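Since the structure comes first, as structure tokens, the remarks are kept for the end.
All figures in this text were calculated on a predicted structure; none of them were measured in a lab.
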Amino acid sequence: MAYNHDYGTHFWKFWLPDFPALIWLVMSVMPILFFQTFIHEGSHVLTYISDNRGVDYLAPFPHESINTVTGARNTLNGAAGATTPTADTANIATPQFLAIGLLIALSLFLWLIPYVWSMNSRTVRLLFRAWYLGLCFDLLWNTAGKLIFLNSPGNDWNRYQAVQGYSNGEMFAFSLLILLIPLTYFAWGHFSAWHRDPPESDTFMGNFWQGFWDYRWAALVYFVLSLTAIIFSFTVDDPAINKDHWVFQIAVAFQIIYLVFYVVYFIMSFFFPRSSSSS
């Protein structure tokens, strides 16, 4: 497709360039959920280690978390348990600050790198697009609640506020600044060279089947992530993890469904034509 300077075209060609890209963005949900949750909870683990608190478990999968002392229950995207629980420290919000850094770095990468690297692979574009969405969701899920003054004792951002002694107004202002980070896409997204020589079809439904089979290596990457998520789900256990809850069961079921799809797709992709930009 010829390079088009229209703002709306840039927006849609980044997120939904054609129908196969839309399908594969949907098929990215479960592996990216695991991947970003692993990064989030893994950063908690690193802080526990740096504080010499030890690590009981790393559970980067959705489940109901049970406070073994108070009995309080909370449905989380994931959790990490310290061997020696202590009062919350300033680094309780490590995942949020890490997500801020990663999102800024990824935004700069997607803005500037396409000027020197064409990124003409559907797989490469999908992986970056999906991770960008995953980072935005993780960051805003944990911080944007302050914009409407939602308070949850188990939320990292609220615990960070309590430790630092910030007022709701101060946290509102800080959270608003964080919200501006993903919103910068509407500026740099227009000027990025991402839109030059795209591998996707000129029209949304054009050349559907050939485009659909262009994601062989994305299927392989997602297979590894979903398989790892399933292994974590069945092997990590702790009294604080309730695996009888529907959140856990549905998440595992979907990871298995996605995994089967990736296996079938990867095998079948060898029998269907793909475009020259599908590396």
When the side chains of residues 18-26 are checked against the rest of the protein, which donor-acceptor pairs come out under 3.5 Å, sequence neighbours left out?
residue: D18; atom: OD1; partner: A21; partner atom: N; Å: 3.1
residue: D18; atom: OD1; partner: R122; partner atom: NH1; Å: 3.3
residue: D18; atom: OD2; partner: R122; partner atom: NH1; Å: 3.3
residue: D18; atom: OD2; partner: R122; partner atom: NH2; Å: 2.6
residue: D18; atom: OD2; partner: S201; partner atom: N; Å: 3.1

Side-chain donor/acceptor pairs under 3.5 Å, residues 177-189, sequence neighbours excluded:
residue: T184; atom: OG1; partner: I181; partner atom: O; Å: 2.5

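Taking the six-membered ring where tryptophan is involved, the planes of H10 and H190 are tilted, since the angle between them lies from 30° to 60°.
Centroid-to-centroid, the aromatic rings of F223 and Y258 stay 6.0 Å apart or farther. Here W194 and F14 bring their ring centres to under 6.0 angstrom of each other. Taking the six-membered ring for Trp and the full ring otherwise, the centers of Y166 and F172 sit at least 6.0 Å from each other.
Checked against side-chain hydrogen bond (donor to acceptor under 3.5 Å, both in side chains), S175 has the following partners two or more places apart in sequence or in another chain: W157. In this structure, the salt bridge (Lys or Arg N to Asp or Glu O under 4.0 Å) partners of E64, at least two apart in sequence or on a different chain, are R73. Under the rule for a side-chain hydrogen bond (donor to acceptor under 3.5 Å, both in side chains), the partners of H40 that lie at least two apart in sequence or sit in another chain are D138, D156. In this view, F266 and W217, F270 satisfy the ring-ring contact (aromatic ring centres under 6.0 Å, His included) rule, not counting sequence neighbours. Looking at residues two or more places apart in sequence or on another chain, you find no side-chain hydrogen bond (donor to acceptor under 3.5 Å, both in side chains) involving S233. Scored by the side-chain hydrogen bond (donor to acceptor under 3.5 Å, both in side chains) test, T143 finds no partners at all (sequence neighbours excluded). Checked against side-chain contact (heavy atoms from CB on, under 4.5 Å), A82 has the following partners two or more places apart in sequence or in another chain: Y48, R53. Under the ring-ring contact (aromatic ring centres under 6.0 Å, His included) criterion, F271 pairs with no residue at all, not counting sequence neighbours.
Defined by atom type and a distance below 3.5 Å, a donor-acceptor pair is present between the side-chain atoms of K146 and Q161. Side chains of Y222 and S28: a donor-acceptor N/O pair is present below 3.5 angstrom, by distance only.
Residues F234 and L58 fall within the same hydrophobic cluster, defined by Ile, Leu, Val, Met, Phe, Trp and Tyr side chains chained together at heavy-atom separations under 4.5 Å. Hydrophobic clustering keeps L102 apart from W141 (ILVMFWY residues linked when any side-chain heavy atoms are closer than 4.5 Å, directly or through intermediates). Using a 4.5 Å cut-off between side-chain heavy atoms of Ile, Leu, Val, Met, Phe, Trp and Tyr, with links allowed through other members, I257 and L33 fall into different hydrophobic clusters. The cluster map of Ile, Leu, Val, Met, Phe, Trp and Tyr, joined by side-chain heavy atoms under 4.5 Å apart, puts F272 and V264 in the same cluster.
The side-chain hydrogen bond (donor to acceptor under 3.5 Å, both in side chains) contacts involving residues 125-134 comprise Q36-W131, where partners must be two or more places apart or lie in separate chains.
Clustering of Ile, Leu, Val, Met, Phe, Trp and Tyr by side-chain heavy atoms under 4.5 Å joins L46 with none of the others.
A donor-acceptor pair under 3.5 Å is absent between the side-chain atoms of S269 and the main chain of R216, judged by distance alone.
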